[in-house]
There are 2 protein chains.
Amino acid sequence: MGIRADYVTRPREWIASILAREPRFLSAAQIHQGLERVGARVSLSTVYRTLDRLQAKGDITARPDADGEVTYMLCEPSRHHHHAICRACGRVEDVDCAAMEQFAESLRALNGFELDGHAIEFFGKCGACR
Amino acid sequence: MGIRADYVTRPREWIASILAREPRFLSAAQIHQGLERVGARVSLSTVYRTLDRLQAKGDITARPDADGEVTYMLCEPSRHHHHAICRACGRVEDVDCAAMEQFAESLRALNGFELDGHAIEFFGKCGACR
DNA sequence: ACCTCATTTGCGAACTATTCGCAAAAATCC
DNA sequence: GGATTTTTGCGAATAGTTCGCAAATGAGGT
Ligand SMILES: [Zn+2]
Ligand SMILES: [Zn+2]
Ligand SMILES: [Zn+2]
Ligand SMILES: [Zn+2]
């Protein structure tokens, strides 16, 4: 009568398969729509709960888009890297951290990506807080 | 009888002064609380409307925090630069873009900032979309 | 296959952040 | 101060997300 956690269920498989085939950040609502389009009836609550689970497991990365709506993508946050996001189609390509210095050139060379902007945030402790 | 726009009002002055004295990203609710603490009674709607105005004028930068709540800071987005955000106190220091290559060293040298993480996103057009 | 029981799901309600409509208040100009 | 326009506050509306709970489903044992 211990805990028998981690059931394999249809909704979870369906949601994972939606994420697996889309190399872009998707909102919970978009995933829900994707499920409907495939004929998989899953409630929005379950989508949210499953996304929370996947994030806790470290299988997906979450990121609020410009409007603050949270979006999710299959991507291991533990393997440190960055993202190149297509302004037109939203496609996300992983960018190795070492390539950061020559980012413009290496992006174009490696993926044919035409860079037109970037956003960087550094985190740490300021002088006062150290 | 032309348009006589851009009134100078108490609420706008109060909100600007809250932003002026805080070198960190604040949510609309936090600004509203800051106003109350100073005895300035301003509705939350006005806070939102004023923030929209300031953003349209290019005086402040908005950024959704990790939970998707939008936060604002006095900072000209037109002057291209990045931010170093203190994990402990939230203090934001501007980082010149050119310094990006040697970011860890220059950050520590310039501001005594102890870097322990960063987030980067590149934008543009992927090979398929060009 | 069937039974049992823990886990998961769906539903609707609750909650939170943000926006909107409109009448009352404030700012500007004369 | 009076006329006119903009801004404010309020409460209602909206949108994204979370919660509670009864019903459905998955896992394990027989
Ligand atoms: Zn990734
Ligand atoms: Zn593309
Ligand atoms: Zn700045
Ligand atoms: Zn600090």
Side-chain angles (χ1 to χ4, degrees), chain A residues 1-19 22 24-57 59-73 90, chain B residues 1-19 22 24-57 59-73 90:
Chain A
M1 49 283 301
I3 296 170
R4 273 182 290 184
D6 234 13
Y7 282 29
V8 175
T9 70
R10 308 285 175 73
R12 285 176 183 171
E13 289 175 331
W14 292 332
I15 291 167
S17 82
I18 292 278
L19 286 168
E22 290 281 358
R24 24 197 139 258
F25 282 93
L26 299 174
S27 67
Q30 288 175 317
I31 293 168
H32 189 238
Q33 290 159 17
L35 291 166
E36 282 193 333
R37 222 171 291 124
V38 185
R41 258 203 310 15
V42 180
S43 76
L44 197 49
S45 308
T46 296
V47 173
Y48 277 109
R49 282 183 293 225
T50 302
L51 290 170
D52 286 347
R53 261 176 55 89
L54 291 172
Q55 196 177 4
K57 286 207 316 174
D59 289 347
I60 66 178
T61 296
R63 152 193 126 89
D65 72 8
D67 311 316
E69 195 172 358
V70 183
T71 57
Y72 307 84
M73 192 183 62
Chain B
M1 53 287 290
I3 296 170
R4 274 182 289 184
D6 235 13
Y7 283 27
V8 175
T9 71
R10 307 286 175 73
R12 285 176 184 170
E13 289 175 332
W14 292 333
I15 291 167
S17 84
I18 292 278
L19 286 168
E22 290 280 358
R24 22 196 141 260
F25 282 93
L26 300 174
S27 67
Q30 287 175 318
I31 293 168
H32 189 239
Q33 289 159 17
L35 291 166
E36 283 194 331
R37 222 171 291 125
V38 185
R41 257 200 315 11
V42 180
S43 77
L44 198 49
S45 307
T46 296
V47 173
Y48 276 109
R49 282 183 293 225
T50 302
L51 290 169
D52 286 348
R53 261 176 54 89
L54 291 171
Q55 196 177 4
K57 286 208 313 173
D59 289 348
I60 66 177
T61 296
R63 151 193 127 90
D65 72 7
D67 310 316
E69 195 171 0
V70 183
T71 57
Y72 306 84
M73 192 183 63

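The analysis underlying the following values was restricted to heavy atoms, covering all of them including side chains, and did not include hydrogens, waters or symmetry mates. Numbers restart at 1 for each chain; the letters A, B, ... are given by sequence-line order, proteins then strands.
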Trainee: Nearest 0.5 Å, what's the CG-CD distance between B/L26 and B/E69?
Mentor: 10.5 Å

Trainee: If you count the non-hydrogen atoms of other residues, nucleotides and ligands that lie under 6.0 Å from CZ in A/R41, is the total more than 12?
Mentor: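 At most 12 heavy atoms, drawn from other residues, nucleotides or ligands, come within 6.0 Å of this atom.
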
Trainee: Are the side chains of A/T46 and A/H32 in contact, using a 4.5 Å heavy-atom criterion?
Mentor: no

Trainee: May I have the distance from A/R49 (atom CZ) to C/dT7 (atom C1'), rounded to whole angstrom?
Mentor: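 Answer to the nearest Å: 11 Å.
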
Trainee: Tell me the interatomic distance from A/E36, atom CD, to C/dG10, atom C1', rounded to whole angstroms.
Mentor: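 The answer, rounded to whole Å, is 14 Å.
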
Trainee: Is a donor-acceptor contact shorter than 3.5 angstrom present between the side chain of A/R10 and the base of D/dG26?
Mentor: no

Trainee: Tabulate protein N/O versus nucleotide N/O from nucleotides 16-18 of chain D, keeping only pairs under 3.5 Å, one per line.
Mentor:
unit_1: D/dT17; atom_1: OP1; unit_2: A/V70; atom_2: N; d: 3.2
unit_1: D/dT17; atom_1: OP2; unit_2: A/Y48; atom_2: OH; d: 2.3
unit_1: D/dT17; atom_1: O5'; unit_2: A/Y48; atom_2: OH; d: 3.1

Trainee: Among residues at least two apart in sequence or on other chains, which ones pass side-chain contact (heavy atoms from CB on, under 4.5 Å) with A/T9?
Mentor: A/Y7, A/P11, A/R12

Trainee: Please list, chain by chain and in numerical order, all residues satisfying side-chain contact (heavy atoms from CB on, under 4.5 Å) with B/S17, sequence neighbours excluded.
Mentor: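 Once residues adjacent in sequence are excluded, B/S17 has no partner under the side-chain contact (heavy atoms from CB on, under 4.5 Å) criterion.
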
Trainee: Taking atom P of C/dT18 as reference, at what distance in whole Å does atom CG of B/D67 sit?
Mentor: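 Going from B/D67 (CG) to C/dT18 (P), I get 11 Å.
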
Trainee: Does anything in residues 11-19 of chain B reach DNA chain D, meaning a heavy atom under 4.0 Å, and if so which residues?
Mentor: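 Here the set is B/P11, B/R12.
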
Trainee: Send over the distance from A/R41 CZ to D/dT25 C1', rounded to a whole Å.
Mentor: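 Checked: the CZ to C1' distance equals 15 Å.
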
Trainee: Which distance, rounded to the nearest 0.5 Å, do you find between the CD1 of B/I31 and the CG of B/L19?
Mentor: 4.5 Å

Trainee: For A/R10, check salt bridge (charged side-chain N to carboxylate O under 4.0 Å, His left out) against everything at least two apart and list the hits.
Mentor: none

Trainee: Nearest whole angstrom, please: distance from the C1' of C/dT18 to the CG of B/L26.
Mentor: 17 Å

Trainee: Roughly how many Å is it from OH in B/Y7 to C1' in D/dT7, rounded to a whole number?
Mentor: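 Result: 9 Å.
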
Trainee: For the residue pair B/W14 and B/V42, establish whether any side-chain heavy-atom pair is separated by less than 4.5 Å.
Mentor: yes

Trainee: Is A/T46 near enough to C/dG10 that one of its side-chain N or O atoms lies under 4.0 angstrom from OP1 or OP2?
Mentor: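 Indeed, a polar side-chain atom of A/T46 lies that close.
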
Trainee: Grab the CG-P distance between A/L35 and C/dT9 for me, whole Å please.
Mentor: 12 Å

Trainee: Please report, rounded to the nearest Å, how far the C1' atom of C/dT7 is from the CZ atom of A/R53.
Mentor: 10 Å

Trainee: List in chain and number order the residues that pass ring pair (Phe, Tyr, Trp, His ring centres under 6.0 Å) with A/F25, two or more places apart in sequence or in another chain; answer none if no residue qualifies.
Mentor: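 Expected list: A/H83.
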
